[in-house]
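Have a look at the structure below before the remarks.
The model shown is predicted, which means the values in this text are computed figures rather than measured ones.
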Amino acid sequence: MGRVRLKNLLCVLLAIVILTGLGMPCVMAVPTDMKTSDEGVKFLERLQGFSAKEYSSSGKTYIGYGTECSSGNYPNGISEAEADKLLRAALPAYETKLNTFMGNKNVSLSQSQFDALMCFTWALGTQWMYSGCRIYDYMVNGLSKYSNQEIVNAIGTWCHRGSVAAAGLAERRITEARLFVYGDYKGDASPQYRYLILNANGGSLEHDIVFYEVNKPYGTLPNSEKSGYQFQGWISSDGSRITEDTIVDANRSVKASWGKGEVVYSDVLSSDWFYSYVSELSDQGVVKGYPDGSFKPANPVTCGEALKLIIIAAGYGEKAAVNGYWASGYLDFAVNMGFAEPGEITDLDAPMSRILIARVAAKALKLRPSGDGSPFADCGDGYLVAMNKKGILQGSYSGDTLLYKPDDNIKRSEISAVIWRICGTDINPNEGRPLITDGIYKGYLCEDVPKFSYDSSRFSLENGRMTYSSDSVKTMAGVDVSSWNTDINWNAVAADGISFAMIRLGYRGYSYGNISADKYFEANIKGAKEAGLKVGVYFYSQAINYDEAVEEAEYVLSRIKGYDIDMPVVFDWEKEGGSAARVYGLNKAIVSTCARAFCRTVEKAGYVPMVYFNKDLAYNYYDLNRIAEYDFWYADYHSVPSFYYDFAMLQYTSSGKVNGIDGNVDLDILLIK
């Protein structure tokens, strides 16, 4: 939009009327020396997130609300007030860049639009300020030429990590777009938007994420192209088809459906009950026939084939072989994830029974065994009942009696129906679980996790040290250290009443994900052992998937060979770094998968695994049911710990004092029942 002068008042009023009619906020002409408002700063801080400690991203160091700093400038961290001052001091450089763009391109913005772009630019830099970027072109051409949805999409599309659209970043972009389009700082005075993450499934797309207004039909949906195939629409992760008439009510990931026409096998007839399942799955390349043109629907399915189909259908992706046999990676994954018990499947070429299919598939889908009565006369297994209630597993009637035939081998026709239903079923793992409240946190009850069993009145914090007085619970005093604590006199530590040390072995970086050693690990573990302390290790994880968690565990195992580790080996996943961190936006399923993969790998090597978290991580980033078999190391800096569930070790301060260690140190107490 061109700059509007006072003498053109009539034009200004006309523009206001037009823009108001379009649903856009009024845009008044302003000089190109705009500043971020106080409300805009608060908005930026809320979206960016606060980090008291330094963190690294893309080879640079940041602190507070994402302000760049030199590594080591803030060894003791900073407060939120200090972070606010740093942010405000850094903003003018970005304001100058944005004002220069506005002046050069004759663009006028309202204060809320300027604040939105400042937040946007603070996170992204000026990479959007080039022709060909939609939001740049829209402003240069005149925002009034574009719909609200087009502008939201122009901003929202900047939500990728590498080439993959990230859910957490998409939510931030939506919030920024709502401020830009509607002037909505708090997020409660404008239409809500949801996104579709598009998987072209081998085809091509112009954009892989699209944003739509809530409670309205999707309307025009993107099309995809794939040589030799016909585009058949978008299928969501719950198996439902998304059409132009579908009402926008949630964020969704959808996959393009392709067809080559009717699939015909010599032994699969259109009148067969399994025809549609086999036809659709075969058309999508999920199942295949034999070279002679047959499908052999009555043939049994091997354990290897069944594991692959279930794991992929449940959304875990393909797994590489681990010992040369094509299906070994799927078995290893299933055991590590708890879908199958160790030793339950010994021959991957053997047929899989119908009851084993029920149990493995239910666990892969995070379904809990149902205590309701079984509809089957010949099997009351809780996992089978849960799968039946979801409509995934069905039996057959013998007269008026419904049977499941649990010991029979599952057939190729039957597994096709099961996999098709899994892909089309909406699974809610929290269904039927009561919601509990723990302070400011809420979460679904984790039935497999023992409840808090300590007597709170027996905890006592005296002279900076936590004790627990009970004849039935023994305790040990400990510290946990890293390179932040620099050189340590371990003999002095031992003489000060410390019995064990948890030592950081290494960490994964925030941005690139490289694994690095803690530079003081060797000195610390040798010094602690020589001083007579019991020793455990922890790894600061930034894993974003199963494979990275296993990689971290294997790295730890390679580094502790030759050392007497008589305390736990700990998975310490944390979320520092704000939206710049690679773990930003990860959900409970992924984080819990990472913890379980790390712990099972450590356990298989003969060590005792443990998981570290505070209350925020416990309720918002973990499904504790999935890691209930491992001990918890819980961080709570109050004089008396408060947690709904039990824990084996407590980190009760980060500002402890111990002889032999300069400055503050984390203090812990081990509780042995």
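Remark: Asp547 engages no residue in a salt bridge (Lys or Arg N to Asp or Glu O under 4.0 Å) (not counting sequence neighbours). For Thr593, the side chain to side chain donor-acceptor pair (under 3.5 Å) test picks out Arg626, with sequence neighbours left out. Scored by the salt bridge (Lys or Arg N to Asp or Glu O under 4.0 Å) test, Asp208 finds no partners at all (sequence neighbours excluded). Remark: Asp572 pairs with no residue by the salt bridge (Lys or Arg N to Asp or Glu O under 4.0 Å) rule, at least two apart or across chains. Arg412 is linked by a salt bridge (Lys or Arg N to Asp or Glu O under 4.0 Å) to nothing, counting only residues two or more places apart in sequence or in another chain. For Asp407, the side chain to side chain contact (heavy atoms under 4.5 Å, CB included) criterion is met by no residue, not counting sequence neighbours.
Only one option out of Tyr212, Tyr218, Tyr195 pairs with Arg252 in a side-chain hydrogen bond (donor to acceptor under 3.5 Å, both in side chains); it is Tyr218. The one candidate from Phe647, Trp633, Tyr622 that meets the ring pair (Phe, Tyr, Trp, His ring centres under 6.0 Å) condition with Tyr612 is Trp633.
A salt bridge links Arg368 and Asp448; the closest N-O separation between the charged side-chain nitrogens and carboxylate oxygens is under 4.0 Å.
Note that Arg354 lies in the cation-pi zone of Tyr404, set by a 6.0 Å cut-off to the ring centre and a 45° limit from the axis.
Side chains of Trp420 and Glu280: a donor-acceptor N/O pair is present below 3.5 angstrom, by distance only. Checking Thr243 against Thr246 by side-chain atom types alone, a donor-acceptor pair falls below 3.5 Å.
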